[in-house]
Amino acid sequence: ALAAQRHMALYGTRPDHFAAVAIAARLWAARTPHAQLHEPLDLDGYFASPMVAEPLRRADCCLISDGAAAVVVCAADRAPDLPSRSVRVLGFGQAHSLGTWSSPEHFDRLPAARCGPATLARAGLSISDIDIALIYDCFTIAVLMQLEDYGFCKKGEAGAFVENGRIGPGGELPVNPSGGLMAEGYGGGMMHVIEAVRQLRGEADARQIKGAEIALVSGHGLGMNTHATLLLGR
C-alpha cells in the first residue's frame, strides 16, 4: 500500500489503473477451468471491494491457497526422450536490495530493474521479444511496477499502459493468462512457471496465446527486496 501511495503521488496513477490489473486477471481466469475465481469483475465491482490498506482493496490482493507444484529440469540432451514436449531455459537471474525500508528509493524501483535487463542480455533477447509475461502479482501495484522496471513501458506510465484491456485477453501483452495469483490461485512463483510451460507447449486450451515462443516469468517478494527473472522458450 505504501508503494501504491507513492506511485500515485509521483506519477498520477489512479485506482482505476489498479482495477485494470485485477479485471484482466479475472477475464483470464474465466478461461481457466481450475481457477479459484471465475466470477467476472468490472469497475463497479472493483470499487465495491472492501478497502484493506488504502489505496488497496481486497480485489488488489492475491488469493490464499493450499496446494503444491513441481517442475522437472533435465539436460538438453535428455529432452528428446521425454514423453512431453520440452521447454528451454533461455536465461535466469536474481537481484536483491539490502537497503530495504531505510532507503529513500525503496518504493521507487524494484530489483527487477537490475536482474530483468541482465537476464534478457544473457539470453540475447530484448523486452520486445517477449510473447507472454508471467508477472508475480501479489498485489496490483507490484504488476504495474514490474511492467515499468522490466521496460515494457517507461517509469510512471504503467497505469496508462494497462488501460483498455492491454494485458487481458486479446490485448497487446498477455499478462498472467491463467489468472495469476490474483484469480487462478496462490502457489508462489511456481504457478507462473507452470503456466509458461503450458503456453509454450500449446496446452493452454481456451486461454492459449497463439504463436507464443518466449515467456518471461518473474518472482518477487520479501518486502519488495528480492526479485528473480526466468526466460523460457519453445
Side-chain angles (χ1 to χ4, degrees), residues 1-8 10-29 32 35 37 41 43 46 49 52-53 55-63 107-113 115-116 127 130-169 171-193 195-196 199 207 209 215-230:
L2 291 173
Q5 291 279 23
R6 183 158 177 80
H7 209 272
M8 295 171 75
L10 288 177
Y11 307 117
T13 308
R14 305 188 306 269
D16 56 290
H17 292 145
F18 303 139
V21 177
I23 290 169
R26 293 289 190 93
L27 289 171
W28 284 120
T32 307
L37 294 182
L41 181 69
L43 202 57
Y46 171 84
S49 180
V52 175
L56 300 184
R57 301 174 178 274
R58 186 169 64 190
D60 290 299
C61 306
C62 64
L63 297 170
F107 293 115
D108 294 346
R109 191 172 299 274
L110 302 174
C115 68
I127 200 66
I130 303 302
D131 298 310
I132 317 169
L134 288 301
I135 293 180
Y136 196 90
D137 51 332
C138 46
F139 302 98
T140 53
I141 180 59
V143 174
L144 295 181
M145 293 180 71
Q146 288 174 76
L147 287 171
E148 294 173 351
D149 288 342
Y150 272 107
F152 288 107
C153 59
K154 294 180 180 179
K155 197 66 181 174
E157 296 183 357
F161 184 86
V162 299
E163 289 179 334
N164 302 316
R166 193 171 196 168
I167 63 173
E172 179 181 335
L173 177 67
V175 171
N176 299 341
S178 62
L181 307 182
M182 303 189 70
E184 178 190 13
Y186 187 88
M190 289 296 289
M191 298 291 283
H192 288 339
V193 175
E195 177 63 16
Q199 289 284 344
R207 63 186 186 277
I209 308 303
L216 181 151
V217 183
S218 78
H220 165 85
L222 293 179
M224 305 174 76
N225 295 321
T226 187
H227 199 89
T229 303
L230 174 66

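Residues I209 and D131 fail the side-chain proximity criterion, which asks for heavy atoms closer than 4.5 Å. At a threshold of 4.5 Å between non-hydrogen side-chain atoms, the residues P169 and R207 do not count as touching. Residues H192 and L181 meet the side-chain proximity criterion, which asks for heavy atoms closer than 4.5 Å. Residues R166 and F161 are in side-chain contact: their nearest non-hydrogen atoms beyond the backbone lie under 4.5 Å apart. Taking the side chain as every heavy atom from C-beta outward, L216 and I127 approach each other to under 4.5 Å. Counting only heavy atoms from C-beta outward, the side chains of P55 and M8 approach each other to under 4.5 Å.
The backbone N or O of M191 lies less than 3.5 Å from no partner atom in the side chain of E195, so there is not a single donor-acceptor pair. Side-chain N or O atoms of S49 include none that pairs as donor or acceptor with a backbone N or O of R57 at under 3.5 Å.
Taking every heavy atom of both residues into account, A19 and L43 meet most closely at CB-CD1, 3.6 Å. Of all heavy-atom pairs spanning G116 and Y150, the tightest one is CA-CE2, 3.4 Å. Summarising the geometry of I167 relative to W28, their closest heavy-atom pair is O-NE1, 3.0 Å, with the distance given to 0.1 Å. Looking at every heavy atom in both residues, L37 comes nearest to M182 through CD1-O, 3.6 Å. Considering all non-hydrogen atoms of both residues, L134 and A215 come closest at CD2-CB, 4.2 Å. When all heavy atoms of E148 and G156 are compared, the pair lying nearest together is OE2-N, 2.9 Å.
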May I have the step-by-step check of side chain to side chain contact (heavy atoms under 4.5 Å, CB included) for L147 and L173, ending in yes or no?
-> CA-CA 10 Å; L147 287 171; L173 177 67; 3.9 Å; yes
Stepwise, does the side chain to side chain contact (heavy atoms under 4.5 Å, CB included) test hold for D137 with V175?
-> CA-CA 10 Å; D137 51 332; V175 171; over 6 Å; no
Show your working on side chain to side chain contact (heavy atoms under 4.5 Å, CB included) between E184 and N176 and close with a plain yes or no.
-> CA-CA 9 Å; E184 178 190 13; N176 299 341; over 6 Å; no
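Side-chain contact annotation: D60 with Y46, donor-acceptor N/O pair under 3.5 Å present.
Between H220 and Y136, the two ring planes are tilted [angle within 30° to 60°].
The ring of F18 has its center no closer than 6.0 angstrom to the ring center of H7.
Listed by chain and residue number, nothing satisfies the ring pair (Phe, Tyr, Trp, His ring centres under 6.0 Å) test with F139 (two or more places apart in sequence, or in another chain).
To the nearest 0.5 angstrom, R26 atom CZ is 13.0 Å from T32 atom OG1. Rounded to the nearest 0.5 Å, atoms CD1 (I23) and OG1 (T140) are 11.0 Å apart. Of the inter-residue distances, the one linking L110 atom CG with N225 atom CG reads 10.0 Å to the nearest 0.5 angstrom. A distance of 8.5 Å separates CE in M145 from CZ in F107, rounded to the nearest 0.5 Å.
When each of I132, T229, L230, I135 is tested with V217 by the rule side chain to side chain contact (heavy atoms under 4.5 Å, CB included), just one qualifies, namely L230.
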